[in-house]
K.L.:
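Before anything else, here's the structure in question.
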Amino acid sequence: MKKPGGAEKKKVRRSQSLQSNTDTPRKQAAPKDVFQVFAEKARDHKDLVSRWAVLQETRVEYFRGKDFVSFVRNHLELKDILESDRSLEAEDIANILLKKNLLVRCDRVVKTVRPGKKKLSTFPAHLEIYHDQVFSENDAFFAWTFVKRRPLWQTLLSFCWPVLTLAICLFPVYPHQVKLLILYSCAGLLLLILCVLLLRGLVFGALWILLGKRFWLFPNILAEEATLKELFQFWPQKDEGERPKWTARLFYAIAGVVLISLLRHHAPDEAARARYQKRVSNIIDDVLEWSPSLALSGMIEKQPVVNITEPNDNVTDNKSSDEKLFSSGDLDDETIPNEEVDEVTETTEDSDHHQNI
């Protein structure tokens, strides 16, 4: 029989282990830095005006010092993230972010005004690290140093790129109607882009020559660092450049007229345009009408067909074809050379002579 003392010892050990577990405090995760959270919220906020630039061969997102001060003053609710430090001013918050290496102060690389401009660009495209890492509002730029958290739609879009690449590669095997839809959609989109670029170029050239004004429709349509909202901005900003000289406007007007006259004089005629259109349409038809079934049928037709199960028929067919080729009615005496005829007669005579012997 089992001793009852052993069971009591086990119960005591279990009770002691439970008491030790309750007495030891649970390990809690280290709280996240409130300034890190503030920096992430401020960077993701749409009211903080920021741009992208190149800093030591690295693309960074940056903002101006005065924009940060106005942003903090207009959004005091973000200070609640700082908890006990919510009473700090915008300059003090920025200095703490600089000390925690969440920000880095930068300066513009090009410090001279470009020819034809009255002042420096508001957001330069190239930056360099400033020697004094202290916050300032006067022509100071600050770049974020931490990696921005990717939103969910960007993650989903990254998975769609391989699918899109595979779909492009499988274009030849699509049905004919799908090919036509893709072709006309891409052609329409390309035509729309070309028309917009041509229209903005014509408007700019006409207003620049006639009035001396720089007026670009969709001014950010070709910008690399523009956001989606700025990319489709229709009306341009106020022209800050100097008015061009009348001699330059007259020169470009004459050059434009000469170029248009040359293009019109050397334009292809109707026959050449028809030939080119026919050639292009044939290429497009070949792409649209291609299918795997037609390709496989063409490969099968090129291969010679040999029926092994019926050799006698093939032999008889070969004999009949030989008889047809070498029949006496088809060959004339004129087609056979005289030398070959003499050789044939000599061989027949020799054979008859040997038989007689």
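The structure presented is a predicted model; accordingly, all values stated were derived computationally and were not measured. Positions are given from 1 along the sequence.
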K.L.:
Should Leu199 and Phe204 be counted in the same cluster of Ile, Leu, Val, Met, Phe, Trp and Tyr side chains packed under 4.5 Å apart?
P.N.:
no
K.L.:
Taking all non-hydrogen atoms of both residues, which atom of Tyr62 and which atom of Ala53 are closest, and how far apart?
P.N.:
CE2-CB, 3.3 Å
K.L.:
Any side-chain heavy-atom pair from Ile129 and Leu55 closer than 4.5 angstrom?
P.N.:
yes
K.L.:
By salt bridge (charged side-chain N to carboxylate O under 4.0 Å, His left out), which residues pair with Asp269, not counting sequence neighbours?
P.N.:
none
K.L.:
How long is the straight-line distance from CZ of Arg59 back to CG of Leu127, given to the nearest 0.5 Å?
P.N.:
12.0 Å
K.L.:
Under 3.5 Å, which donor-acceptor pairs link side chains of residues 253-264 to any protein atom two or more places apart or in another chain?
P.N.:
residue, atom, partner, partner atom, Å
Ser261, OG, Val257, O, 3.2
Ser261, OG, Val258, O, 2.6

K.L.:
Tell me if a side-chain donor or acceptor on Arg105 pairs with a main-chain N or O of Gln133 at a distance below 3.5 Å.
P.N.:
no
K.L.:
Please say yes or no: joined through hydrophobic side-chain contacts below 4.5 Å, possibly via intermediate residues, are Leu202 and Leu194 part of one cluster?
P.N.:
no
K.L.:
Would you call Ile209 and Leu250 a side-chain contact if the rule is heavy atoms closer than 4.5 Å?
P.N.:
no
K.L.:
Kindly work out whether a path of hydrophobic side-chain contacts (I/L/V/M/F/W/Y, heavy atoms less than 4.5 Å apart) joins Tyr130 to Phe141.
P.N.:
no
K.L.:
Assigning hydrophobic clusters by single linkage (Ile, Leu, Val, Met, Phe, Trp, Tyr; side-chain heavy-atom cutoff under 4.5 Å), is Phe123 placed with Phe68?
P.N.:
no
K.L.:
In this structure, are over 12 heavy atoms from other groups packed under 6.0 Å from Lys111 atom NZ?
P.N.:
yes
K.L.:
May I ask you to test the Asp139-Arg108 pair for a side-chain heavy-atom distance under 4.5 Å?
P.N.:
yes
K.L.:
Assess whether side chain to side chain contact (heavy atoms under 4.5 Å, CB included) is satisfied between Leu120 and Val110, documenting all intermediate values.
P.N.:
CA-CA 9 Å; Leu120 295 171; Val110 180; 5.5 Å; no
K.L.:
Please output the side-chain donor-acceptor pairs of residues 168-175 that fall under 3.5 Å, not counting sequence neighbours, one pair per line with the distance.
P.N.:
residue, atom, partner, partner atom, Å
Tyr174, OH, Ala167, O, 2.7

K.L.:
Enter the distance from Asp33:CG to Leu102:CG here, rounded to the nearest 0.5 Å.
P.N.:
7.0 Å
K.L.:
Taking the six-membered ring for Trp and the full ring for Phe, Tyr or His, determine whether the centres of Trp208 and Tyr252 are under 6.0 Å apart.
P.N.:
yes
K.L.:
After noting the C-alpha distance and the side-chain angles of His45 and Phe71, does the key distance pass the side chain to side chain contact (heavy atoms under 4.5 Å, CB included) rule?
P.N.:
CA-CA 10 Å; His45 207 286; Phe71 168 75; 3.6 Å; yes
K.L.:
Look only at the side chain of Ser281 and the backbone of Lys278, and say whether a donor-acceptor pair between them is shorter than 3.5 Å.
P.N.:
yes
K.L.:
What distance do Lys79 atom NZ and Leu76 atom CG have between them, rounded to the nearest 0.5 Å?
P.N.:
5.5 Å
K.L.:
Do any N or O atoms from the side chain of Arg43 and from the backbone of Phe146 form a donor-acceptor pair under 3.5 angstrom?
P.N.:
yes
K.L.:
With a 4.0 Å cut-off, would you call Glu270 and Arg273 a salt bridge?
P.N.:
yes
K.L.:
Report the residue from Asn138, Leu48, Thr122, Val49 that forms a side chain to side chain contact (heavy atoms under 4.5 Å, CB included) with Arg64.
P.N.:
Thr122
K.L.:
Out of curiosity, Ile221 CD1 to Ile193 CD1, how far, rounded to the nearest 0.5 Å?
P.N.:
8.0 Å
K.L.:
Please check if the distance between the ring centroids of Phe63 and Trp144 is under 6.0 Å.
P.N.:
yes
K.L.:
Can we call the ring centroids of Phe135 and Phe142 under 6.0 Å apart?
P.N.:
yes
K.L.:
Taking atom NE2 as the centre, does His126 end up with more than 12 heavy-atom neighbours from other residues, nucleotides or ligands that are less than 6.0 angstrom away?
P.N.:
no
K.L.:
What do the steps show when you test Arg73 against Glu89 for salt bridge (Lys or Arg N to Asp or Glu O under 4.0 Å), and what is the final call?
P.N.:
CA-CA 9 Å; Arg73 289 175 181 174; Glu89 296 294 332; 5.5 Å; no
K.L.:
Please check this pair: side chain of Arg200 against backbone of Cys195, looking for a donor-acceptor N/O pair closer than 3.5 Å.
P.N.:
no
K.L.:
Any donor and acceptor pair, going by atom type alone, linking the side chain of Ser50 with main-chain N or O of Glu61 inside 3.5 Å?
P.N.:
no
K.L.:
Answer whether the closest heavy-atom distance between the side chains of Lys41 and Gln36 falls below 4.5 Å.
P.N.:
no
K.L.:
Just by distance, do the side chain of His75 and the backbone of Glu77 share a donor-acceptor pair under 3.5 Å?
P.N.:
no
K.L.:
Do you reckon Phe234 sits in the same ILVMFWY cluster as Val196, going by side-chain contacts under 4.5 Å, direct or chained?
P.N.:
yes
K.L.:
Are any of the side-chain heavy atoms of Phe35 and Ile81 separated by less than 4.5 Å?
P.N.:
no
K.L.:
Mark yes or no for whether Thr58, through its side chain, and Val54, through its backbone, hold a donor-acceptor pair below 3.5 Å.
P.N.:
no
K.L.:
Contact between Val104 and Cys106 at the side-chain level, heavy atoms closer than 4.5 Å - yes or no?
P.N.:
yes
K.L.:
Quick check against the 3.5 Å criterion: does Asn95 have a side-chain atom that pairs as donor or acceptor with the backbone of Glu91?
P.N.:
yes
K.L.:
Where is the tightest heavy-atom contact between Ser158 and Pro162, given as atom of each residue plus distance?
P.N.:
O-CD, 3.4 Å
K.L.:
What's the spacing between Ile93 CD1 and Leu98 CG if we round to 0.5 Å?
P.N.:
12.0 Å
K.L.:
Working to the nearest 0.5 angstrom, can you tell me the gap between His176 NE2 and Leu181 CG?
P.N.:
12.0 Å
K.L.:
For Gly212 and Pro244, work out which heavy atoms get closest and say how close.
P.N.:
O-CD, 3.3 Å
